[in-house]
Protein chains: 2
Amino acid sequence: MLDLIAAKREGRAHAPDELAFIADAAAKGTVPDYQLSAWLMAVCLNGMSEKETAGLTGAMARSGAQLDFSRIAKPKADKHSTGGVGDGISLALAPLAAACGLCVPMMSGRGLGHTGGTLDKLESIPGFKVRLSPEAVLAQCESAGVCLFGQSEALAPADRKLYALRDATSTVASLPLIVASILSKKLCEGLDALVIDLKAGSGAIFKTAKEAEALGRALVKTAGLLGLKSAALMTAMEQPLGRYVGNALEVRQAVEVLRGETSAPDYRECLLALGGWMLHLSGLAKTPEAGAERMQAAIDSGEGFKRLKLIAQKQGGDAAALDNLDLLPKASSSRVVTAPRAGFVTALDARKVGRAAVFLGAGRDFAEETLDYGAGLRLEKKVGDRVAAGETLAVLYSSDDARLRAGEAEFLSAAAIGARRPRRAPVVLKVIRGR
Amino acid sequence: MLDLIAAKREGRAHAPDELAFIADAAAKGTVPDYQLSAWLMAVCLNGMSEKETAGLTGAMARSGAQLDFSRIAKPKADKHSTGGVGDGISLALAPLAAACGLCVPMMSGRGLGHTGGTLDKLESIPGFKVRLSPEAVLAQCESAGVCLFGQSEALAPADRKLYALRDATSTVASLPLIVASILSKKLCEGLDALVIDLKAGSGAIFKTAKEAEALGRALVKTAGLLGLKSAALMTAMEQPLGRYVGNALEVRQAVEVLRGETSAPDYRECLLALGGWMLHLSGLAKTPEAGAERMQAAIDSGEGFKRLKLIAQKQGGDAAALDNLDLLPKASSSRVVTAPRAGFVTALDARKVGRAAVFLGAGRDFAEETLDYGAGLRLEKKVGDRVAAGETLAVLYSSDDARLRAGEAEFLSAAAIGARRPRRAPVVLKVIRGR
């Protein structure tokens with residue numbers, strides 16, 4: 001290990017067997033943390049080549065169990081999002097994609113800071129279980145064509161170890177390490193295709209399109225080197241996606257979209273674009289556009305919503321709460337925020353709205369915090385909408401009055417009203433294709 | 001700590017209180033090793049300014065106990081060597097400098113790899129103790145004017161911790177960290193002056209004069225910022241210093257020099273130059289040359305040798321073995337290496353001769369190895385000497401015949417004989433003065 005640290009310190013490239021040694025050592029704990037962290041910092045500062053990144057990613061994927069889908073003939077596809085605010089797309093996308101004929105083993109994470117996490121949103125459905133064994137995931141993918149689950153200890157243990165160390169040593173911000181962490185988990189799923197939702201804007205990890213694009217290019221390049229078809233869709237995250245921010249509220253958003261009831265065109269556009277690419281890359285649609293049409297058809301036929309209820313039922317959740325959304329958790333108090341003056345909404349800073357949701361109880365600042373599943377915001381107006389003075393901008397929900405006040409102050413700092421209607425920005429900013 | 005790691009990863013400078021926090025955390029173990037090692041790697045790759053280096057050095061020096069010399073009026077001076085082969089200068093320099101009126105609290109280390117260590121050489125004198133408490137060091141400096149001792153757990157504990165981590169994470173090769181490690185220990189000694197023996201050549205840590213000079217400049221600059229007078233003498237380490245390599249053999253070398261018996265002009269020149277600067281910087285000699293003359297006078301008068309015997313006696317060693325060198329440990333076997341052809345010795349690669357000494361049992365490859373105190377080499381010929389075919393080049397000593405054979409092979413690879421007499425290189429290559 002000492003030699004490998006020295007090599008990376010001097011900016012030399014690692015051979016595949018060296019990367020396999022490191023991934024294996026991280027998974028098994030055979031190298032001390034202080035050596036791994038020195039190596040991580042050297043990678044952070046001296047980088048890795050595309051070949052090295054692919055080598056590390058593959059080695060991390062092989063550091064634990066693999067999902068064996070050989071019994072399932074359908075193409076397997078998943079989506080990964082770099083995280084945003086109101087980004088509950090997975091809740092609608094996974095069942096829709098399955099309804100369109102894909103097998104969707106969707107591994108998700110929890111929320112931290114101003115961004116939400118799919119697992120938390122799912123757990124706001126009473127009884128819903130996200131901790132599943134690899135065997136249970138396989139069985140459900142076979143019977144329901146789709147499973148929504150958390151990273152298990154068995155899959156990519158090297159990533160769990162290295163991620164925890166990166167988090168504790170300020171070595172998170174390294175492109176090759178981010179790529180390896182994202183893709184190693186996905187590679188364990190035995191996918192045919194992966195679509196990456198690359199958020200760009202104030203509410204995303206990457207604030208600028210340039211940074212997001214660099215990650216997207218590295219992801220599709222590395223996936224390609226490892227034989228995984230992929231595309232990265234850079235999507236807007238200057239304001240929250242859709243109408244809702246919060247856990248049960250984002251379940252509501254997904255249900256409304258799947259029922260065709262929604263008034264959240266940006267959420268629907270993002271959903272259809274990602275789904276269209278999943279179907280296209282998997283060979284089930286000739287073009288991404290044709291894929292998006294199939295997704296829309298699965299909304300219109302009700303097949304997508306039916307599949308979401310099947311998932312809930314299979315994973316111990318109260319499917320009845322999806323038919324009657326009043327059965328979802330609700331916050332005990334709410335507060336209406338109104339426009340201080342007439343004009344157009346010119347900004348709804350996604351990061352600040354995300355912070356407001358955390359203040360309201362919908363998110364967490366540290367991993368152990370408990371959530372108020374009903375807490376969050378309903379955005380009555382979005383960027384570009386005209387408002388009258390005193391008209392409702394948003395409704396805030398929380399079970400704690402002090403939190404309501406803090407959330408309101410933060411929300412007000414996020415919203416801007418101006419005299420001129422701002423230019424409407426596209427939802428999908430760019431598509432980065434894999435090979 | 002996370003913020004400090006991030007700052008250094010991004011190449012930002014640390015404030016003095018931040019460096020104090022890190023030194024304190026290293027000394028007390030209040031920050032996990034994996035965070036310290038990530039920070040060390042960031043320092044290794046992004047560097048530190050002169051001000052930061054001084055801040056870290058001072059903070060590390062203050063991380064534990066200090067030697068309080070307020071009772072001793074004499075100027076206090078010490079020498080630090082960056083390490084070489086046959087470099088037993090301290091054994092003669094400490095008593096000579098004390099005989100010239102300095103107080104010399106000389107903290108030394110052990111040998112590792114091809115370089116020897118003063119503590120090992122001292123321990124080859126039967127009974128000699130180098131593990132002394134700070135109180136014992138102070139008492140002996142008061143009564144004998146000089147003490148030769150190892151780094152105690154009480155002094156600069158931050159350096160012990162950080163050095164061990166650097167060794168285990170390939171972060172040794174960082175100029176600011178090297179400077180902080182060397183000087184933090186010396187600053188605990190409450191010195192008025194420090195002379196640095198900056199070895200340059202095959203047997204030194206730094207092979208080139210350029211690298212050695214960079215370290216020398218950083219050392220005297222940092223010492224100056226911390227109020228310590230210093231000078232760095234760059235000295236030759238292409239071939240071993242003096243006639244002997246090995247522990248008891250280098251004690252013999254020191255005794256021969258102090259008795260005025262020696263035929264090791266390079267050793268004597270290095271000794272007088274370093275001692276001259278110690279006396280000059282401490283204010284006991286107007287010029288380094290005048291200081292060197294005082295050192296020579298203390299050899300001629302026998303005061304230096306008397307002081308060495310006093311040290312041995314004070315530290316539990318057999319002073320009689322210094323009068324009768326046959327009482328020092330001896331290896332049970334020896335082997336004479338002769339010149340394969342006539343000519344001039346054109347090279348005696350110091351690193352390889354050092355390796356030969358390790359093979360013979362005089363050094364160690366890992367910290368736990370035990371030493372054969374009598375093992376080593378006596379160099380009959382040095383670079384520039386004329387040899388006849390079959391004439392003795394060196395005598396090798398070891399208590400193990402296999403080691404003798406290995407040492408001989410390595411020694412032969414170190415020595416080169418050519419037709420032309422090489423240019424005689426100076427011993428002191430350059431002097432780098434502090435402010």
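Only this structure's heavy atoms are used, side chains among them; waters, hydrogens and symmetry mates stay out. In what follows, every chain begins at residue 1, and chains take the letters A, B, ... in the order their sequences are listed.
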Using heavy-atom distances under 4.5 Å, tell me whether D167(B) contacts chain A through its side chain, its backbone, both, or neither.
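It is the backbone, since no side chain atom gets that close.
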
Residue selection (most heavy-atom pairs with chain A, distance under 4.5 Å) from L36(B), L4(B), V172(B), T169(B):
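Sorted descending by pairs with chain A, the first entry is T169(B).
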
Strictly less than 4.5 Å between heavy atoms, which residues of residues 21-33 of chain B line up against chain A? Please order them by number.
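Against chain A, the residues of residues 21-33 of chain B that fall inside the cut-off (heavy atoms, under 4.5 Å) are D33(B).
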
If you take all heavy atoms of A168(A) and I5(B), which pair is closest and at what distance?
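Heavy atoms of A168(A) and I5(B) come nearest at O-CD1, 4.3 Å.
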
Is any residue of [range] within less than 4.5 Å of chain B by heavy atoms, and which ones?
range: residues 38-56 of chain A; value: A38(A), M41(A), A42(A), C44(A), L45(A), N46(A)
range: residues 196-217 of chain A; value: none
range: residues 6-17 of chain A; value: A6(A), R9(A)

Nearest 0.5 Å, please: how far is [atom2] in [Y] from [atom1] in [X]?
X: L165(A); Y: Y34(B); atom1: CG; atom2: OH; answer: 7.0 Å
X: T171(B); Y: L2(A); atom1: OG1; atom2: CG; answer: 9.0 Å
X: D3(B); Y: S170(A); atom1: CG; atom2: OG; answer: 8.0 Å

